[in-house]
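Step one of this worksheet: look at the structure below.
Keep in mind that what you see is a predicted model, and the values were worked out from it rather than measured. The basis for the numbers below is simple: all heavy atoms, side chains too, and nothing from hydrogens, waters or symmetry mates.
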Amino acid sequence: MPQGTVQWCDPLRGLGMVREDSGDVDVCVERLAMHGGWPLVAGERVMFDLTLDADGTRADNVRRIGLGSARQVTA
């Protein structure tokens with residue numbers, strides 16, 4: 001299961017971006033793909049499944065694994 005770091009999260013839109021550890025690949029994460037509460041926080045460490053569909057690659061079954069250098073961003 002890939003792991004990565006949350007780059008940003010927009011709690012109102014229900015979208016965020018995660019950078020995968022294995023490279024400089026950013027994948028979109030939607031609120032409905034998150035296990036364990038929304039919103040994500042920039043800098044959090046997560047693990048996830050990668051899903052490829054007509055819209056591109058996205059993160060599914062996202063789970064927190066640590067805070068890393070998480071910082072709360074206020075909207």
Item to check | Residues M34, N61; criterion side chain to side chain contact (heavy atoms under 4.5 Å, CB included); working and verdict | outcome: CA-CA 6 Å; M34 181 67 202; N61 301 315; over 6 Å; no

Next on the checklist: Set out, in order, the CA-CA distance, both residues' side-chain angles and the distance that settles side chain to side chain contact (heavy atoms under 4.5 Å, CB included) for R64 and E44, then state yes or no.
Outcome noted: CA-CA 7 Å; R64 287 180 173 88; E44 271 188 306; 2.5 Å; yes

Item to check | side chain to side chain contact (heavy atoms under 4.5 Å, CB included) evaluation trace for V41 with V6 | outcome: CA-CA 7 Å; V41 176; V6 176; over 6 Å; no

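Between the CE atom of M17 and the CG atom of D10 there is a distance of 11.5 Å, given to the nearest 0.5 Å. Atom CZ of R45 is separated from atom CG of L40 by 13.0 Å, given to the nearest 0.5 angstrom. The distance from atom CZ of R19 to atom OG1 of T5, rounded to the nearest 0.5 Å, is 9.0 Å. Rounding to the nearest 0.5 Å places CZ of R63 at 4.5 Å from NE2 of H35.
Residues I65 and M1 share a single hydrophobic cluster, defined by chaining ILVMFWY side chains whose heavy atoms lie under 4.5 Å apart. Criterion: ILVMFWY side-chain heavy atoms under 4.5 Å apart, direct or through other members. Under it, L50 and V18 are part of a common hydrophobic cluster. Cluster membership for V25 and F48, using ILVMFWY side-chain heavy atoms within less than 4.5 angstrom, is shared.
Take E30 and apply the side-chain contact (heavy atoms from CB on, under 4.5 Å) test, not counting sequence neighbours, and it matches L15. Shown here are the side-chain contact (heavy atoms from CB on, under 4.5 Å) partners of R31, two or more places apart in sequence or in another chain: W38.
Nearest heavy-atom pair across A59 and A33 is O-CB, 3.5 Å. Minimum heavy-atom separation, E20 to P2: OE2-CB, 3.7 Å.
The side chain to side chain contact (heavy atoms under 4.5 Å, CB included) test with V27 singles out one residue from D60, V62, T57, and that residue is T57.
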